[in-house]
Amino acid sequence: MPTPLADLAARIRLVQGDITRQPVAAIVNAANSSLLGGGGVDGAIHRAGGPQILEECRHLRERLYPSGLPMGQAVATTGGNLPAKYVIHTAGPVWHGGKQHEAEQLAACYQSCLKIASARQLDSVAFPGISTGIYGYPKAEAAAVAVREVRAFLSQHPVPATVTFVVFDDESRRLYEQALAGA
Ligand code: AR6
């Protein structure tokens with residue numbers, strides 16, 4: 001049965017801050033296909049979470065993704081020293097102007113992460129703005145995709161019970177507020 005809209009709104013949160021500090025079951029990493037780390041939120045997660053996360057990423061890469069994690073897919077590792085028990089790594093699209101299926105690829109990232117959370121019964125998940133940093137996806141459009149996909153998934157699934165969007169800067173906070181205010 002679809003979740004009523006009021007319940008849906010209560011299950012979605014917006015926090016401004018550092019995703020590595022979030023006390024949730026899983027945080028999402030805006031990673032890349034290599035799974036071997038990088039800058040931005042990826043760098044911050046590996047720094048805060050410690051070497052166990054990279055160790056597991058290497059292992060997964062060798063075992064499951066010898067040519068890299070396909071864009072739009074996701075895979076979970078331990079959270080290492082993070083408050084979150086798991087990190088769900090996904091590879092978002094690089095923005096090429098919007099006519100190369102970037103929106104579908106970004107939507108696929110959110111869906112893949114949420115499917116993992118649901119399958120593992122993880123009751124709270126925090127997302128950064130996937131692709132909105134180094135990968136150049138316009139923040140307003142990305143926030144609209146993120147909100148749409150999370151709402152669609154939560155309306156069909158009881159788990160995760162809550163999703164938190166974690167934004168770093170004031171502009172992103174405003175854009176998410178606008179996206180969340182829309183129907
Ligand atoms: N907490 C919350 N949000 C953050 C944090 C943080 N600690 N740090 C950055 N952000 P980016 P991408 C925001 O560049 O665009 C890496 O090298 C940031 O303001 O981290 O998907 C990977 O290895 C932005 O809005 O990810 C890939 O190669 C958002 O997180 C590549 O960057 C995402 O910015 C992925 O690029």
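In this chain, residues are counted from 1 in sequence order. As the structure lists them, so they are numbered: ligands from 1, and atoms in each ligand from 1.
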Cationic tip of Arg120 within the cone over Tyr86's six-membered ring, i.e. under 6.0 Å and within 45° of the normal? yes

Minimum heavy-atom separation for [X] and [Y], please, with both atom names.
X      : Y      : answer
Ser33  : Ala91  : N-CB, 3.9 Å
Pro93  : Glu102 : CG-O, 3.6 Å
Gly182 : Arg151 : O-NH1, 3.0 Å

Taking 4.0 angstrom as the limit, do Arg173 and Asp170 come out as a salt bridge? yes

Starting from the N and O atoms of ligand 1, collect every protein N/O partner closer than 3.5 Å and put each pair on its own line with the distance to 0.1 Å.
residue: ligand 1; atom: 1 (N); partner: Ile19; partner atom: N; Å: 2.9
residue: ligand 1; atom: 7 (N); partner: Asp18; partner atom: OD1; Å: 2.9
residue: ligand 1; atom: 14 (O); partner: Ile134; partner atom: N; Å: 2.8
residue: ligand 1; atom: 15 (O); partner: Ser131; partner atom: O; Å: 3.4
residue: ligand 1; atom: 15 (O); partner: Thr132; partner atom: N; Å: 3.4
residue: ligand 1; atom: 15 (O); partner: Gly133; partner atom: N; Å: 2.8
residue: ligand 1; atom: 15 (O); partner: Ile134; partner atom: N; Å: 3.1
residue: ligand 1; atom: 15 (O); partner: Tyr135; partner atom: N; Å: 3.0
residue: ligand 1; atom: 17 (O); partner: Gly39; partner atom: N; Å: 2.7
residue: ligand 1; atom: 20 (O); partner: Val41; partner atom: N; Å: 2.7
residue: ligand 1; atom: 21 (O); partner: Ser131; partner atom: N; Å: 2.8
residue: ligand 1; atom: 23 (O); partner: Asn32; partner atom: ND2; Å: 2.7
residue: ligand 1; atom: 23 (O); partner: Asp42; partner atom: OD2; Å: 2.7
residue: ligand 1; atom: 25 (O); partner: Thr132; partner atom: OG1; Å: 2.7
residue: ligand 1; atom: 25 (O); partner: Lys139; partner atom: NZ; Å: 3.4
residue: ligand 1; atom: 28 (O); partner: Asn32; partner atom: ND2; Å: 3.1
residue: ligand 1; atom: 28 (O); partner: Tyr135; partner atom: OH; Å: 3.4
residue: ligand 1; atom: 34 (O); partner: Gly133; partner atom: N; Å: 3.4

Derivation and outcome, side chain to side chain donor-acceptor pair (under 3.5 Å), residues Glu62 and His59: CA-CA 5 Å; Glu62 277 164 24; His59 195 66; 5.0 Å; no

